[in-house]
Amino acid sequence: MTESFTAAQGSDAAQVTPATGRAAELETSLSALLQRIDAACVAAGRDPGEVRLLPVTKFFPASDIEILYHLGRREFGESREQEAASKVAQLGHLSQIRWEFIGRLQRNKAKAVARWADTVYSVDSDRLASALDAGARAALDDGIRTTPLRVLLQVSLDADPERGGVRDAALLALADQVAASESLQLAGLMAIPPLDVEPDAAFEQLARIHASLTTVHPAAIELSAGMSGDLESAIRHGSTCVRVGTALMGARPITSA
Ligand SMILES: *Cc1c(COP(=O)(O)O)cnc(C)c1O
């Protein structure tokens, strides 16, 4: 009797106790972040339904992603191939999860990423686009994926090749190539503003580039801009997808990646 009494008490306690520890922390920061995004939309005169939150979970464990999934999130942004692949394997039981690859991608990793990513945000060269197309075609043939790989082109807003991104002058040719690729779907643009430029100026420039792209490729409606520090500015300038790590997950370990 003592044993079952203890067990019953234990399960009652579990039912009445609110989420604690990391779950409570993420629930609080997620609701604050969603309010912040809504407020930014209202301030910009936009419908909050037009701006999607992509939680960026790089450096954080699969258990955090599982918590966010149970809080209703379905898409997660990762930027390092090996780390992402390990989380994909660990979280295969979350049937509606979608993975989005937002980091710089080496061509020799394209085939692996094309097996599990719904979307790649960082396509900036014809060679990377070809490698992803081949990878996505193989994954479609194998039945590993059922839809084309969605692609956002990463636009360079400065001349620094280290930061990645295609220059404005080469953008249309790359967009044409992706749009013509059988296993890719051109979804839109992404950019990270240069550190030494006002976000408003950078996002305004990006919005102009996006407007000219959609005159040629009207389906490329996604404009992924805005992170923890500058999402209000990005939303003012037409962002459809903010990629937020720190403001949701907390600080990442210091790293150059
Ligand atoms: C890490 C990362 C983010 C998130 O940045 P925060 O400032 O932590 O919100 C967004 N986009 C890309 C491409 C990233 O690599």
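Counting starts at 1 for both ligands and their atoms, in listed order. For the single chain, residues carry numbers from 1 onward in sequence order.
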Measure from NZ or CZ of R74 to the centre of the six-membered ring of Y69, then state whether that distance is under 6.0 Å and the direction lies within 45° of the axis. yes

Within the 4.0 Å heavy-atom cut-off around ligand 1, the contacting residues, ordered by chain and number, are V56, K58, I102, I192, M227, S228, R243, V244, G245, T246, R252

Does L71 have more than 12 heavy atoms from other residues, nucleotides or ligands lying within 6.0 Å of its CG? yes

Indicate yes or no for a side-chain donor-acceptor contact from K87 to the backbone of F60 under 3.5 Å, with no hydrogens or angles considered. yes

Could you tell me whether the side chain of R104 reaches within less than 4.5 Å of the side chain of D124, counting heavy atoms only? yes

Once the angle between the rings of W99 and W116 is folded into 0 to 90°, is it parallel (under 30°), tilted (30 to 60°) or perpendicular (over 60°)? perpendicular

Using the salt bridge (Lys or Arg N to Asp or Glu O under 4.0 Å) criterion, which residues pair with D230? Sequence neighbours excluded. none

